[in-house]
Structure formats: C-alpha cells, structure tokens
Amino acid sequence: MNKKLLVIYEALLKHYGPQGWWPLTSLVEEGKDGGYHPGDYEHPKTELDAYEIIVGAILTQNTSWSAVERAIQNLMQMGALNPHALLSLSDSELKRAIKPAGFYNQKALYLKEATKFFMSLSKKTPTRKDLLSVKGVGNETADSILLYAYKQPQFVIDAYTKRIAFALNLADESVGYMELKKLFESNLPKDVALYQEFHALLVEHAKRFYSGKARASSITFVDFLREIL
DNA sequence: AGCCAGGCTACCG
DNA sequence: CGGTAGCATGGC
C-alpha cells in the first residue's frame, strides 16, 4: 500500500479541517452555515436524511452546490422533500421547484426514478449495481449515495479528484472512473469516515486551486504540500 | 461577457 | 465500444 495518498489526506485535513459532508437541511441552524457537521460522521440518522442525500446527489450533477441548496429549499417549502410527496408532484411542479439547479427536465425525471427506487428498497442498503440501473445514476452519483447515505466504503471520484490525481502524477489524464476509484481504494484504509472526509477535502481544495481559470494560474499541488507540511 | 459547475444519457462513427 | 453533443441555470 502506497502511503502517499494518506499523507495527502492528512495534509489536507490539517490545513482545511473536517468538512462535515454531506450537508443536510435537518442540521441547518441559525447562524451556522448550510447543514454541514464537521467531525461528525454519524449522519444520516434517519431514512429521510438518507433520502435527502439521494436527492442532492442527483441535483448536484455538473452543478454547483449553492444552486442545489435553493432547489432543495424550494422542495422543502413545498413539503416535497420526502419520497411520497415528491412523487405526488406533477412534472411541471417538480421542474419549477428544481429549476435553479439546472438540467431540470432530465433531473425531474431522474428524481422520480430514484425516488421509486428508494421506496422499493424499504430501508435496505442498495447494491452499487442496482443503483447504476436507475436512470440518472452513474458512477459518481452511485458512489456518493453509497458513501454518504448508506455509509458504505465506496470512494467517490469526480472531475476534481481526477485533476488532482493528474497533478500529482498518480494517474493519466485519460484515466477511467473505475481505475481511479481502485487506485484510491487500494491505497487507503477501508474507512468510511476517511473516504467521506477525503472526498470532501479534495473538492474543497480543488475548488480553490483546480477549478476554472485557477487551473492554469494556480500553484501546483506539490507547491501547496510543501507549503503546508 | 463568457466560462464553469460535487455528471449522465443517447447517439455517433 | 470509445468519444462527445446536449442538457440549463446561476455565480463569478
């Protein structure tokens, strides 16, 4: 097991602190920001919170979380942030509610498909394969749901993770999803809290240094590590 | 004013 | 079967 990834993880954690993913509306408090619960790896504690993570995982596909927050707010205010109520919305009502998160035509369909799937589980943990059979759920969404909603040790790979892995010379730019997932999983202790935290930290770090225009102009990861270690 | 966001599906060659 | 256009709004 190559310890490099663990060193990176420790460095990111020390620098940014625990991120408190996945944010939940049930944890939003006055004066605190957005339902994050840094250092607390016990959530979700209810089926409803698990369901909300599924909804968020679909809404955030290629979309910023701030936009997703407003879509979720809309659903909550409509009393539709639960499986039965969401399914009872008309397609146009649902689309209107999630509009801020973009791609609302397909996401409305995906949400209903995922909701039916969730209800069919009746509190059981889904397999990765079953999740992938749901229209609108691909590799990253499936792993996000398994890791954050069901506390299964599945490492989540996203575009940011790919960029960082490339910057670290850990992978080729054209590395496939499963290949990169395996690289992380085979070089880290199989620990749900660690997987959750590491992914969130990679996103946080990449947003600052590997997103948009920052990609070209920012310091390299190596420089960053040298600076904080 | 553009480029980008915590991707996925369908379709193309 | 690998590659990519299309999906859409909001933030910076």
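Residue numbers begin at 1 in each chain, while the letters A, B, ... track the order of the sequences.
Heavy atoms of A:Y36 sit under 4.0 angstrom from at least one base atom. Using a 4.0 Å heavy-atom cutoff across all strands shown, A:K107 reaches no nucleic acid atom at all. Looking at heavy-atom distances under 4.0 Å, A:V156 makes no contact with the nucleic acid at all. Within 4.0 Å (heavy atoms only), A:F103 reaches at least one base atom of the nucleic acid. As judged by a 4.0 angstrom heavy-atom cut-off over every strand, A:Q106 is placed among the base-contacting residues.
Distances shorter than 4.0 Å separate none of the side-chain N or O atoms of A:K99 from OP1 or OP2 on C:dG10. OP1 or OP2 of B:dG6 sits under 4.0 Å from a side-chain N or O of A:Y160. Note on A:T141: a side-chain N or O is less than 4.0 Å away from OP1 or OP2 of B:dC8. A:Y104 has a side-chain polar atom (N or O) that falls below the 4.0 Å cut-off from OP1 or OP2 of C:dT9. In this structure, A:R163 reaches the B:dA5 phosphate: one of its side-chain N or O atoms is under 4.0 Å from OP1 or OP2.
One interatomic measurement links the two molecules: CD of A:Q196 to P of B:dG6, which rounds to 19 Å at whole-angstrom precision. The CZ atom of A:R208 sits 18 Å away from the C1' atom of B:dC4 (whole-angstrom rounding). Taking atom CG on A:L131 and atom C1' on B:dC8, their separation rounds to 14 Å, with Å as the unit. Rounded to a whole Å, the CG atom of A:N139 is 14 Å from the P atom of C:dG2. At whole-Å resolution of the value, CG in A:L59 and C1' in C:dG10 are 14 Å apart. Residue A:K162 contributes atom NZ, which lies 10 Å from atom P of B:dG7 at whole-angstrom precision. Computed from coordinates, the A:N62 CG to B:dT9 P distance equals 13 Å when rounded to whole Å. Here B:dC8 presents its P atom at 12 Å from CD1 of A:I157, a figure rounded to the nearest Å.
Between A:L27 atom CG and A:D40 atom CG the span is 7.5 Å, to the nearest 0.5 Å. Between atom CG of residue A:L94 and atom OH of residue A:Y104 there is a gap of 12.0 Å, rounded to the nearest 0.5 Å.
The ring of A:W21 lies on top of the base of B:dG6, close enough and flat enough: under 5.5 Å between centres, under 30° between planes.
Taking a cutoff of 4.0 Å between a charged side-chain nitrogen and a carboxylate oxygen, A:E42 and A:K45 do not qualify as a salt bridge. A:E10 has no carboxylate O lying under 4.0 Å from a charged side-chain N of A:K14, or vice versa, which leaves the two without a salt bridge.
No donor-acceptor contact under 3.5 Å links the side chain of A:Q61 to the base of B:dC8.
Base pairing annotation: B:dA1 forms no Watson-Crick or G-U wobble pair, as no partner gives both donor-acceptor distances under 3.5 Å.
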### Task
Verify side chain to side chain donor-acceptor pair (under 3.5 Å) between A:D130 and A:S133, making sure each step is shown before the conclusion.
CA-CA 5 Å; A:D130 286 343; A:S133 74; 5.0 Å; no
#### Entry: Check against side chain to side chain contact (heavy atoms under 4.5 Å, CB included), A:T115 and A:H84
CA-CA 8 Å; A:T115 300; A:H84 187 77; over 6 Å; no
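Atom name P, nucleotides B:dG6 and C:dG2: the rounded distance is 28 Å, in whole Å. Comparing the P positions of C:dA8 and B:dG2 gives a spacing of 23 Å, expressed to the nearest Å. As rounded to the nearest Å, C:dA5 and B:dC4 have P atoms that lie 15 Å from one another. B:dA10 and C:dT9: their C1' atoms are spaced 22 Å apart (whole Å). Annotation: C:dG11 and B:dC8 have their P atoms spaced 23 Å apart (nearest Å).
Closest contact between the side chain of A:S66 and the listed nucleotides B:dG6, B:dG7, C:dG11 involves C:dG11. The side chain of A:P23 approaches B:dG6 more closely than any other nucleotide in the set B:dT9, C:dA8, B:dG6.
Under the 3.5 Å distance criterion, with hydrogens and angles disregarded, no donor-acceptor pair is assigned to the side chains of A:E47 and A:Y51.
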